[in-house]
Amino acid sequence: MASTLVRAALSQPVDHTPVWFMRQAGRSLPEYRELRKDNAMLEACRTPDLVTEITLQPVRRHGVDAAIFFSDIVVPLQAAGVDVVIEPGVGPVIAHPVRTRADLDRLPELEPEALADIAESVTRIVAELGETPLIGFAGAPFTVASYLIEGGPSRNHEKTKAMMLGDPGLFSAILAELGRMSATFIDVQLSAGARAFQLFDSWAGYLSPQDYRASVLPHSQAVFAALGHHEVPSFHFGVQTGELLAPMSEAGSTVMGVDFRVDLADATARVQPGQALQGNLDPAMLFAPWEVLRPRVEQIVRAGLDHPGGHVFNLGHGVLPATDPAVPGLVVEEVHRVSREILAERAAQAPSGEQAPGAAGTDARR
Ligand code: CP3
């Protein structure tokens, strides 16, 4: 039988709510900081020994229901030959930003052979994980385009938006190319054994629904469509996307990631019928006292079980670097405990022969 994470992400019955955390691998873990102290970020991402170990660290420590592949959204660009570095405390910096048709023509193609190390890392991770699924990922075309056009992290994304509105043909050609790269990056991960994938559109929340729908959504749809033949669950997420949940939910993912600024019950009304939800504990809540944090966790578990599709518990964005590394594991235990309890209560209340809302069958309740 498929793993709990895969089943929930396909809105199939489960016996507990599965949980993983965006940015679960990384600076919040002392064992990560120790491994990374002699390696630049992108070098680490291309070294299978390191990728394997770093991906497994949070699974061992927190007992999460899935691993997320340790890499970065700019790895496909780097693999294609783009001059990019990740500066600590800053983010991805691109030596030659793409702002004209000639710049785009110089952008190299990404051949799957350039990702042989990625396939090797995934193969090794999957072998070590056993039953626990690995989630692959890539950046969505708009978010990667923002780095490529701005040349680095941007507060307002003004060069990106100026091109989107002033030269829509060029903007669309760039997003189409980046979408193909992201699909190739994910395809390599799925072919090597990843069981699901997430498309991160981290900066989509900077767009109005009108501009998102006209200039970005078709390119995200193309990525999900290109990967449809793998028939695996897929997640789509962006920060501050409450107002974009409806159009983003049309991109084609089986699960819609929800930012912490939206109540899960409100998200239900905005996504596609039957689509699963992921989220959405505020990452800063992990700094709150347990007596405050615990009921918040329960609240989200309950809201997820009330949603008519599946629910995957996660934060509403990534684990913050200063998070106490003991806390995510407590949240995992609580999500598992509370969801099992609620599902058992609902099953006991359901008249025999009928299923409680959100439950299906006696041994496989959701
Ligand atoms: O655990 C995981 O989630 C898997 C690993 C992962 C990383 N980056 C590792 C990383 C994932 C899924 C990403 C995706 C990513 N990278 C996104 C989308 C997700 C999101 O957070 O919205 C974005 C926007 C990037 C670009 C990027 N890479 C930024 C903004 C930064 C932070 C720069 C800094 O130092 O503050 C990075 C670097 C990065 N990627 C780190 C990690 C663990 C930190 C680098 C380090 O440890 O030195």
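Atoms within each ligand, like the ligands themselves, are counted from 1 in listed order. The chain is numbered in sequence order, starting from 1. Computed from a predicted model, the values in this text were never measured in an experiment.
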Ion pair check, [X] and [Y], cut-off under 4.0 Å:
X: R180; Y: E109; result: no
X: E341; Y: R337; result: yes
X: R60; Y: E31; result: no
X: E34; Y: K37; result: yes

Quick check: does [X] get an N/O under 3.5 Å from an N/O on ligand 1?
X: A25; answer: yes
X: T143; answer: no
X: H317; answer: yes
X: G89; answer: yes

For ligand 1, which atoms sit closer than 4.0 Å to a heavy atom of [X]?
X: F69; answer: 4 (C), 5 (C)
X: P92; answer: 26 (C), 27 (C), 29 (C)
X: G91; answer: 33 (C)
X: F70; answer: 9 (C), 43 (C)
X: W203; answer: 24 (C)
X: F200; answer: 12 (C), 18 (C), 19 (C)
X: P88; answer: 35 (O)

Quick test: of every protein heavy atom, which one is nearest to [atom], and how far off is it to 0.1 Å?
atom: atom 9 (C) of ligand 1; answer: S71 O, 3.3 Å
atom: atom 38 (C) of ligand 1; answer: I86 CG2, 3.6 Å
atom: atom 16 (N) of ligand 1; answer: D72 OD1, 2.9 Å
atom: atom 46 (C) of ligand 1; answer: R36 NH1, 3.0 Å
atom: atom 24 (C) of ligand 1; answer: Y147 OH, 3.5 Å
atom: atom 45 (C) of ligand 1; answer: M41 SD, 3.6 Å
atom: atom 18 (C) of ligand 1; answer: S202 OG, 3.1 Å
atom: atom 47 (O) of ligand 1; answer: Y32 OH, 2.6 Å

Between F235 and F197, ring centroids under 6.0 Å:
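Between F235 and F197, the centre distance exceeds or equals 6.0 Å.
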Please find out if less than 6.0 Å separates the ring center of F224 from that of H236.
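Yes, the ring of F224 comes within the 6.0 Å limit of the ring of H236, centre to centre.
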How about [atom1] on [X], more than 12 heavy atoms from neighbouring residues, nucleotides or ligands closer than 6.0 Å, or not?
X: R296; atom1: CZ; answer: no
X: Q221; atom1: CD; answer: yes
X: E298; atom1: CD; answer: yes

Do V223 and V216 sit in one hydrophobic cluster, given that two such residues count as connected whenever their side-chain heavy atoms are within less than 4.5 Å of each other, even indirectly?
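Looking at the clustering, V216 is in a separate group from V223.
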Within the 3.5 Å criterion, strictly below it, is a donor on W290 or E334 matched to an acceptor on the partner's side chain?
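Short answer, no.
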Polar side chain donor-acceptor pair, S339 to H311, under 3.5 angstrom
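Not at all, the side chains of S339 and H311 share no donor-acceptor pair under 3.5 Å.
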Is there side-chain contact between E87 and V85, with at least one heavy-atom pair below 4.5 Å?
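With C-beta onward as the side chain, the pair touches.
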Report the member of E87, R27, M22, Q24 with the shortest heavy-atom distance to atom 32 (C) of ligand 1.
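Going through E87, R27, M22, Q24 one by one, R27 has the nearest heavy atom to atom 32 (C) of ligand 1.
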Contact between G318 and ligand 1, counting heavy atoms under 4.0 Å?
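No.
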